[in-house]
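Lettering of chains follows the sequences in order, A, B, ..., and the numbering in each one begins at 1.
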Number of protein chains: 4
Amino acid sequence: MNKAIIVGNLTRDPELRATGSGISVCSFTVAVNRRFKDQNGETQADFIPVVVWRQQGENCAKYLSKGSKVAVCGAIQVRSYDAQDGSKRYATEIVADEVQFLNSRGEGAAPQPRQERPAPKAPASMQFDDDLHPVEDDDLPF
Amino acid sequence: MNKAIIVGNLTRDPELRATGSGISVCSFTVAVNRRFKDQNGETQADFIPVVVWRQQGENCAKYLSKGSKVAVCGAIQVRSYDAQDGSKRYATEIVADEVQFLNSRGEGAAPQPRQERPAPKAPASMQFDDDLHPVEDDDLPF
Amino acid sequence: MNKAIIVGNLTRDPELRATGSGISVCSFTVAVNRRFKDQNGETQADFIPVVVWRQQGENCAKYLSKGSKVAVCGAIQVRSYDAQDGSKRYATEIVADEVQFLNSRGEGAAPQPRQERPAPKAPASMQFDDDLHPVEDDDLPF
Amino acid sequence: MNKAIIVGNLTRDPELRATGSGISVCSFTVAVNRRFKDQNGETQADFIPVVVWRQQGENCAKYLSKGSKVAVCGAIQVRSYDAQDGSKRYATEIVADEVQFLNSRGEGAAPQPRQERPAPKAPASMQFDDDLHPVEDDDLPF
DNA sequence: TTTT
DNA sequence: TTTT
């Protein structure tokens with residue numbers, strides 16, 4: 001069992017990339033306010049990276065933008081990698097099962113596509129091979 | 001809203017420390033198996049750091065050990081800090097609200113204290129001041 | 001472990017009552033849309049009862065109204081009782097730990113009190129004794 | 001968003017039925033202990049109905065039995081129906097996405113099939129037509 | 001109605 | 001019974 005549910009706002013516009021074989025993957029960070037203020041009375045937030053695969057990721061890229069409020073449900077994924085200095089580093093993110101749009105460009109209105117733009121295509125410099133990677137991919141393009 | 005629920009096994013014995021003013025904090029890592037195997041048929045796991053404060057943390061230190069199975073509910077916390085090389089790093093962990101023991105030393109038996117040992121005391125080299133830190137502490141002793 | 005997290009809209013204005021000793025308890029129902037439409041293409045929803053105790057319940061009564069969007073986290077509680085015909089009945093609701101207001105009268109604006117009104121007081125006909133009831137009360141006034 | 005996660009024990013052996021077209025559905029009730037005892041010092045529990053569809057439901061019927069400990073993740077579903085006396089009744093259950101076996105007949109051992117038995121077949125008296133019912137079926141055979 |  |  002590995003479930004995370006967060007509600008918060010995007011810190012930036014989402015980024016859409018694709019694996020070499022054309023699987024879409026969208027990534028963004030959600031600012032989640034903590035329930036209690038710090039000792040200075042300041043609101044604190046956790047900044048939680050989220051990735052969304054395939055059609056759902058494309059919808060996120062299309063309808064969400066900086067400031068959009070979302071509810072995300074998914075699994076916590078911890079990837080470890082070796083830094084250039086040889087040390088072990090960890091990258092933690094939520095791999096989303098569901099993303100619910102709580103306001104994209106104005107609560108009450110149906111979400112509008114963020115912009116007309118050509119079909120997302122990762123630049124060659126970002127492409128990588130995903131032949132071996134099904135849904136449970138561990139080799140994310142970011 | 002910021003909720004994470006995981007079920008898995010401790011990768012090591014838990015560590016118990018204390019803030020300078022004597023607030024207990026227990027930390028351990030939970031290995032959470034993924035639902036699907038990788039392309040080699042190997043079970044994959046995410047290794048998720050957990051921290052537990054106060055009495056509940058003391059109970060974890062007392063009753064859990066390497067391999068214990070737990071269900072943890074809490075909030076995802078992302079702390080950012082500056083690495084020695086000046087770069088920004090992130091540490092992500094679950095700050096537990098609840099830890100349910102699913103088998104500590106044998107399912108079916110009441111959990112037994114892991115060992116008789118003196119009251120937990122952080123070594124001087126680890127102590128730090130927590131005068132400014134209520135529950136929503138951002139300055140963890142690890 | 002018993003956690004439920006829902007996001008949806010209030011079907012009616014919340015109701016605020018109090019136990020005999022003055023503990024506030026707020027109740028409302030949240031309509032949660034299902035992810036998939038039924039075979040007629042109609043959106044389906046689950047209508048989930050929620051109860052919120054004490055100060056947090058008072059805040060719900062003050063700031064929420066029919067249609068308000070909320071995120072609720074809590075525990076599923078199943079109360080059994082004997083119907084007048086002698087049969088066993090079950091009442092299921094979420095006892096909230098947290099209620100996050102996602103739009104009460106206009107997203108982006110601070111929630112406004114729903115109305116000026118006197119301090120909530122249960123009518124005598126609804127009062128009941130709560131001398132024996134701490135937080136984990138099983139004898140709700142509704 | 002509609003997520004529930006519970007950890008507890010089956011109150012009875014699971015029941016496996018099938019729709020008219022042969023879709024398996026398994027049902028059982030999970031006793032989930034509350035965190036706090038009542039005023040008499042007694043452990044209280046909520047008894048939460050769970051349904052599991054298809055292959056996963058068949059696995060539950062095969063490997064689980066009374067007393068088995070499980071973690072269940074799913075959605076809260078509230079079905080309303082008209083009682084014979086004309087009144088409105090509600091049935092609430094968790095429709096499972098995931099069921100994790102935490103001990104079926106002995107933690108640490110691989111779960112053993114509960115019994116050898118013929119492929120599950122609903123008796124004719126229970127069969128019903130599911131031609132119109134995909135996964136999001138509202139017409140459960142129980 | 002479970003379990004520890 | 002909500003909402004988009």
Q.
Measuring only between side-chain heavy atoms, which start at C-beta, is D:Asp82 closer than 4.5 Å to D:Lys88?
A. yes
Q. Do you know which two heavy atoms are closest between A:Pro14 and A:Leu64, and how far apart they sit?
A. CD-O, 3.4 Å
Q.
What is the distance, to the nearest angstrom, from the CG atom on D:Asp13 to the C1' atom on E:dT2?
A. 12 Å
Q | Rounded distance in Å - CD (D:Glu93) to C1' (E:dT1) | A | 17 Å
(Q) Whole angstroms only, please: what is the CG-P distance between B:Leu64 and E:dT4? (A) 17 Å
Q.
Base, sugar-phosphate or nothing for C:Gly67? Non-hydrogen atoms, less than 4.0 Å.
A. sugar-phosphate
Q. When all nucleic acid strands are considered with a 4.0 Å heavy-atom cut-off, which category describes C:Phe28: base, sugar-phosphate, or nothing?
A. nothing
(Q) I need the CZ-P distance between D:Arg12 and E:dT2, as an integer number of Å. (A) 9 Å
Q | Set of side-chain hydrogen bond (donor to acceptor under 3.5 Å, both in side chains) partners for C:Glu42, sequence neighbours left out | A | none
**Q.** Side-chain donor/acceptor of C:Asn33 to base of F:dT2, under 3.5 Å
**A.** yes
Q. D:Lys37 has an atom NZ; how far is it from atom P of E:dT2, in whole Å?
A. 16 Å
Q) Can you tell me if CZ on C:Arg12 sees more than 12 non-hydrogen neighbours from other groups inside 6.0 Å? A) no
Q: Among the candidates E:dT1, F:dT1, F:dT2, find the nucleotide nearest to the side-chain atoms of C:Lys66.
A: F:dT2
Q.
Measure CD/C:Glu42 against P/F:dT3 and give the value in whole Å, please.
A. 16 Å
Q | Minimum-distance nucleotide to D:Phe47 side chain [options: F:dT2, F:dT1, E:dT1] | A | E:dT1
Q: Would you kindly give the CG-to-P distance between C:Asn9 and F:dT4, to the nearest whole Å?
A: 7 Å
**Q.** Distance, rounded to the nearest Å, where C:Phe36 contributes CZ and F:dT4 contributes P
**A.** 21 Å
